[in-house]
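Here the structure comes first, spelled out in structure tokens, and everything after it is commentary.
Since this is a predicted model, take the numbers as computed values, not measurements.
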Amino acid sequence: MIGLADVRDWLKGFAGAENYYIGTLDSKKPKSLGVYQRKPSGEAHIAIGGLDCTSYDTKQLSLLLHWNKNARETEEKAAQLFRQLQQAEDVTIGGTRVYYIRLMVPEPVDVGPDDAGVYERVIWLDLIYERSN
């Protein structure tokens, strides 16, 4: 299983944020990237024969880029991260092989500025990964 901390640590290798969070973005520091579990949706995929015959699982995630007070810079940084996710190859997260990164939005979603005026963008993605029995 891939955990949120595993994803956070993987993103630290290329995302270029100054601060990384899982579960909650408490201090709301600029140039932060938060990794969140999305509410599960869809159906479970269980192979005929049960879990022992099921080779993959899915992690549904939301990435929150909390960047700065410049909307253009925030948009550019989010687009850069989105491209990096699109172009990722040979991905292993927390020792688990990832077969596929399914981006669930066509581009980073602008959610506007927070109460302090820091612009934010969200990327939804699913990680399809090798299931261990």
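Residues that satisfy the side-chain hydrogen bond (donor to acceptor under 3.5 Å, both in side chains) test with R97, not counting sequence neighbours, are absent from this structure. Applying the side-chain contact (heavy atoms from CB on, under 4.5 Å) test to A47 and every residue at least two apart in sequence or in another chain returns C53, T54.
Residues F14 and I22 fall within the same hydrophobic cluster, defined by Ile, Leu, Val, Met, Phe, Trp and Tyr side chains chained together at heavy-atom separations under 4.5 Å. By the criterion of side-chain heavy atoms lying less than 4.5 angstrom apart, applied directly or through intervening Ile, Leu, Val, Met, Phe, Trp or Tyr residues, W67 is grouped together with V109 in one hydrophobic cluster.
With a 4.5 Å cut-off on side-chain heavy atoms, Y21 and K29 count as touching. L65 places none of its side-chain heavy atoms less than 4.5 Å from the side chain of Y119. Between K28 and E120 the shortest side-chain heavy-atom distance falls below 4.5 Å. Side chains of T74 and R121 form a contact here, defined as non-hydrogen atoms less than 4.5 Å apart. The shortest distance between side-chain heavy atoms of V91 and L127 does not fall below 4.5 Å. Side-chain contact between L61 and L4: present, with at least one pair of heavy atoms (C-beta onward) separated by less than 4.5 Å. Contact of the E130 side chain with the Y99 side chain is registered, since non-hydrogen atoms from C-beta on lie closer than 4.5 Å. Taking the side chain as every heavy atom from C-beta outward, K59 and V98 never approach each other to under 4.5 Å.
Judged by distance alone, the side chain of E73 and the main-chain N or O of N68 form no donor-acceptor pair under 3.5 Å. Remark: the backbone N or O of S55 is not paired with any side-chain donor or acceptor of R131 at under 3.5 angstrom. Using modelled atom types, one side-chain atom of N19 and one backbone atom of P30 make a donor-acceptor pair closer than 3.5 Å.
The structure places OG1 of T92 at 11.5 Å from CG of D6, a figure rounded to the nearest 0.5 Å. Here CZ of R38 is found 4.5 Å from CD of Q60. Values are rounded to the nearest 0.5 Å. In this structure, the separation between CG on L11 and OH on Y20 is 7.0 Å, given to the nearest 0.5 Å. Once rounded to the nearest 0.5 Å, the distance linking CD of E76 with CG of N70 reads 8.0 Å.
Considering L63, L64, V7 as possible partners of Y36, the one that fulfils the side-chain contact (heavy atoms from CB on, under 4.5 Å) test is L64.
Taking every heavy atom of both residues into account, P108 and A79 meet most closely at CG-N, 4.0 Å. Taking all atoms of both residues into account, the shortest heavy-atom contact from A116 to K69 is O-CE, 3.1 Å.
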